[in-house]
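For ligands, and for the atoms within them, numbers begin at 1 and follow the listed sequence.
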Amino acid sequence: MITATLLIIAAYLLGSVSSAIIVCRLMGLPDPRTQGSNNPGATNVLRIGGKKAAAITLVGDSFKGLIPMLVGHALGAGPAVLAGIGLAAFIGHLYPVFFGFKGGKGVATALGVQFGLYWPIGLCVAAVWLFVAKVLKISSLSGLISMALAPVFVWLFWDEKALIGMQLIITGLLIWRHRSNIRNLLDGTEDRISAKASSD
Ligand code: G3P
């Protein structure tokens, strides 16, 4: 019980470390919360800083979900504790204690949680993301569609109520965090994936 609680708290704290803000600071780029979509996430870092900064942000944000899940597995955590760890890491990214509880939209961290839970789940979600991104070239729509399907992948690969519940909550929160993107998608004004050219 104590180990589970500590794991969940540690996952939240790790999730609260914003890769986008740190990467932009270290690379001398503008604060992602004040540029582009104002979102501290890899897509916005791609816009304002280019591919290298975005790739580091993507890996950093994914690892915030991946590492706590792998530690949970290594310590023999069951589905309920794994669900708590995954949710905590994701919520840390959305509502980070270190950045005034104003975080990102959660796609990369959710993907890390899914890979850490059971890699085929992550692979399926990533494949959907890549396919939609290749065809439609809109990051938010790729995230929304792949994460809307994620509960189905969890159910197919690991039919456990706590884990499906975790994914349903993650998907719900992720959709909520994308409400401005959804408005833009409906208006036809959502940005297509684009990288700042000069720094690549
Ligand atoms: O992962 C974030 C992405 O889905 C949307 O980002 O910057 O276009 O709002 P952005």
Can a donor-acceptor pair be found, under 3.5 Å and without considering hydrogens, that links the side chain of T109 to the backbone of H93?
no
Checking the side chain of S16 only, and the main-chain atoms of P96 only, is there a donor and an acceptor separated by less than 3.5 Å?
no
Under 4.0 Å from a heavy atom of S37: give me the atoms of ligand 1 that qualify, with their elements.
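So the answer, numbered in order with elements, is 7 (O), 9 (O), 10 (P).
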Using a strict 4.0 Å cut-off to heavy atoms of N44, name the atoms of ligand 1 that fall inside it.
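So the answer, numbered in order with elements, is 7 (O).
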Which residue and non-hydrogen atom of the protein lie closest to [atom], and at what distance in Å?
| atom | value |
| --- | --- |
| atom 9 (O) of ligand 1 | K105 NZ, 2.6 Å |
| atom 1 (O) of ligand 1 | V107 CG2, 3.5 Å |
| atom 8 (O) of ligand 1 | R47 NH2, 2.6 Å |
| atom 4 (O) of ligand 1 | H178 NE2, 2.7 Å |
| atom 6 (O) of ligand 1 | T43 CB, 3.8 Å |

Distance (rounded to the nearest 0.5 Å) between Y118 OH and F153 CZ
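Here the interatomic distance stands at 14.0 Å.
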Non-hydrogen atom of S139 closer than 4.0 Å to ligand 1:
yes
Whether G143 lies under 4.0 Å from ligand 1, heavy atom
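Judged by the 4.0 Å heavy-atom criterion, G143 does not count as contacting ligand 1.
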Determine the interplanar angle of the H73 and W158 rings, folded into 0 to 90°, and report it as parallel if under 30°, tilted if 30 to 60°, perpendicular if over 60°.
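Ring orientation of H73 relative to W158: parallel.
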Got more than 12 heavy atoms from elsewhere within 6.0 Å of CZ, F98?
yes
Around atom CZ of F63, are there more than 12 heavy atoms from other residues, nucleotides or ligands closer than 6.0 Å?
no
Taking heavy atoms and a distance under 4.0 Å, where does N181 meet ligand 1: side chain, backbone, both or neither?
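Answer for N181: side chain.
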So, regarding E190 and ligand 1 (criterion: nitrogen or oxygen to nitrogen or oxygen, under 3.5 Å), is there a contact or not?
no
For the residue pair H178 and V107, establish whether any side-chain heavy-atom pair is separated by less than 4.5 Å.
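Counting from C-beta outward, H178 and V107 do come under 4.5 Å.
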Distance under 6.0 Å and angle within 45° of ring axis: R33 vs F99:
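Ring-cation test returns no.
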